[in-house]
**Q** 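Before we start, here is the structure in question, set down as structure tokens.
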Amino acid sequence: MHRDDGFEPLEPFASLRDVCSSALTIAREGSPLDNWMAARLEGDALVVEAVDAAGDGAPRVAERLPWRGTIGHRMAVGDCPYVVADVGAVEAYADRPCVARFGMRAYAGVPLVDHHGRLFGVLCGWSGRALALDVAAHEQRMVLAARVLSTYLALRARLDAVERRAEQAETASRTDPLTGLANRRGWDAAIEGGQRKLVREEASAAVVVADVDGLKHVNDNVGHEAGDALLVQVAQVLARLVRPSDTVARLGGDEFALLLDGVHRSQRNEVLSRLREALHAAGLQVSLGIACAERGHSLRRAFAVADARMLQDKAVRHAQGEIPMLCPMPTRHTA
Ligand SMILES: Nc1nc2c(ncn2[C@@H]2O[C@H](COP(=O)(O)OP(=O)(O)OP(=O)(O)O)[C@@H](O)[C@H]2O)c(=O)[nH]1
């Protein structure tokens, strides 16, 4: 956005590569060294993140250099100088493969350390000629550039952790802890998403309401744990029957609901039979109701109709004496 006073809003760094490039700019300011690189450690490799180099033979961005063959390795693990006029004159550096490969003579480097004090990478500059470098000025700029990088890393790590925690809390707030299915809040979000899809596309969807029969009977006669196990079993059977784009939720107590994407009115009975058979095969007694919605219809209305049909189904089963006599009756364990 352009501003009249001439100040543009500051753009934050978009990536590690971005901040590495800026760190190089700080480090090379006023330096006669004409090749600069920032790289991060990944296992045994030093992965190049940013390069500002005069010569053709310089490392390329994303290139993986063998960490143990670099001056940076010696600098980071040994007590070796950050700034040297000629690496050929420093025993610890002279035999490093990178010296020959990149034709290094004058060198200035600094280890990069993350906010936990762990070695993270290296920022360095070099020249093909030996040079009398201003050691203090180089060290000052290199350390400043390294601090910019580690501050970015610290903030990034903290932000990542905050975002991860927020995501976990969001997922938890939409999940039923007993069954791992969506809870009422997750269901409401699914219905809203499904409604938008119905409006947007020539789509249809079905809502199924499922209510376990005789859960109170199981709780009272076999125990609450058996009741919980029954709910988990129902959840597993229902979840097994749907596609990844569908939603299965436990709305509370013994009531479940399914949002089935792309199911048309003509498929309603077939879907319901499939559910009934699977639940019956697992020895589970559940009352079911189904309703469909197409473009222009309300999914909430379909939900209400499915709920009313489930209650009808339950009333019929009660009237026929099927509940709770046919519900699964696990035997109580006496230790
Ligand atoms: N074990 C267990 N029971 C629960 C849970 N949530 C609710 N309940 C109990 O489930 C029972 C549900 O009772 P009802 O709504 O009468 O349902 P029902 O016993 O299945 O009777 P019908 O639906 O008429 O067949 C109540 O006693 C609740 O306390 C839960 O998470 N675990």
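Heavy atoms only: backbone and side chains are in, while hydrogens, waters and symmetry mates are out. In listed order, ligands and their atoms are each counted from 1. The chain is numbered in sequence order, starting from 1.
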**Q** Taking only heavy atoms of V212, which atoms of ligand 1 are found under 4.0 Å from at least one of them?
**A**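 Heavy-atom distances to V212 below 4.0 Å select 20 (O), 23 (O), 25 (O).
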**Q** Whether the D176 and T179 side chains hold a donor-acceptor pair (N or O, under 3.5 Å, no angle test) is what I'd like checked.
**A**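 A donor-acceptor contact under 3.5 Å links the two side chains.
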**Q** Give yes if a backbone or side-chain nitrogen or oxygen of L178 is under 3.5 Å from a nitrogen or oxygen of ligand 1, and no if not.
**A**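 N/O-N/O distance under 3.5 Å: no.
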**Q** In the structure I gave you, are the side-chain heavy atoms of S287 and R317 within less than 4.5 Å of one another anywhere?
**A**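 Touching, per the 4.5 Å side-chain cut-off.
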**Q** Just by modelled atom types, is the S173 backbone N or O under 3.5 Å from a matching donor or acceptor in the N183 side chain?
**A**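 A pair under 3.5 Å: yes.
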**Q** Which of the listed options, R250, K314, Q285, holds the heavy atom that is closest to atom 30 (C) of ligand 1?
**A**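 Shortest heavy-atom distance from atom 30 (C) of ligand 1: R250.
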**Q** Using only atom types and a distance under 3.5 Å, with no angle test, would you say the side chain of R309 pairs donor to acceptor with the backbone of I290?
**A**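 Yes; judged by distance alone, with no hydrogens or angles, the pair exists.
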**Q** Give a yes or no on whether R101 atom CZ has more than 12 heavy-atom contacts from other residues, nucleotides or ligands under 6.0 Å away.
**A**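 For R101, atom CZ is crowded (more than 12 foreign heavy atoms under 6.0 Å).
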**Q** Given that the side chain starts at C-beta and the backbone is N, CA, C, O, which of these parts of N219 lies under 4.0 Å from ligand 1, counting heavy atoms, or is it both or neither?
**A**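 Side chain only; the backbone of N219 stays clear of ligand 1.
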**Q** Closer than 4.0 angstrom: is that true for some heavy atom of M310 and an atom of ligand 1?
**A**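 M310: no contact with ligand 1 (<4.0 Å).
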**Q** I'd like to know if R165 pairs up with E163 as an ion pair, taking the criterion as any Lys NZ or Arg NE/NH1/NH2 lying under 4.0 Å from an Asp or Glu carboxylate oxygen.
**A**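 Not counted as a salt bridge, because no side-chain N and carboxylate O are separated by less than 4.0 Å.
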**Q** What part of D254, side chain from CB on, backbone N/CA/C/O, both or neither, has a heavy atom under 4.0 Å from ligand 1?
**A**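 The answer is the side chain of D254.
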**Q** May I ask you to decide whether R185 forms a salt bridge with D188, counting only side-chain N to carboxylate O separations under 4.0 Å?
**A**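 No, R185 and D188 are not salt-bridged.
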**Q** Between H318 and ligand 1, which residue portion shows a heavy-atom distance shorter than 4.0 Å: side chain, backbone, both, or neither?
**A**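 Only the side chain of H318 comes within reach of ligand 1.
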**Q** With the threshold set at 4.0 Å, does a side-chain nitrogen-carboxylate oxygen contact exist between E63 and R60?
**A**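 Yes.
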**Q** With heavy atoms of G253 as the reference, note each atom of ligand 1 found under 4.0 Å away.
**A**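 Ligand 1 atoms under the 4.0 Å threshold to G253: 6 (N), 7 (C).
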**Q** Find all atoms of ligand 1 within a distance of less than 4.0 Å from any non-hydrogen atom belonging to G227, and give their numbers and elements.
**A**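 Close to G227: 1 (N).
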**Q** Once you restrict to heavy atoms under 4.0 Å, what part of D211 touches ligand 1? Side chain, backbone, both or neither.
**A**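 Side chain only.
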**Q** Are any of the N/O atoms on L215, whether in the backbone or the side chain, positioned under 3.5 angstrom from an N/O atom of ligand 1?
**A**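 It does: an N or O of L215 is found under 3.5 Å from an N or O of ligand 1.
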**Q** What are the atoms of ligand 1, with element, lying closer than 4.0 Å to any heavy atom of D228?
**A**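 Answer, ordered by atom number: 1 (N), 2 (C), 30 (C), 31 (O), 32 (N).
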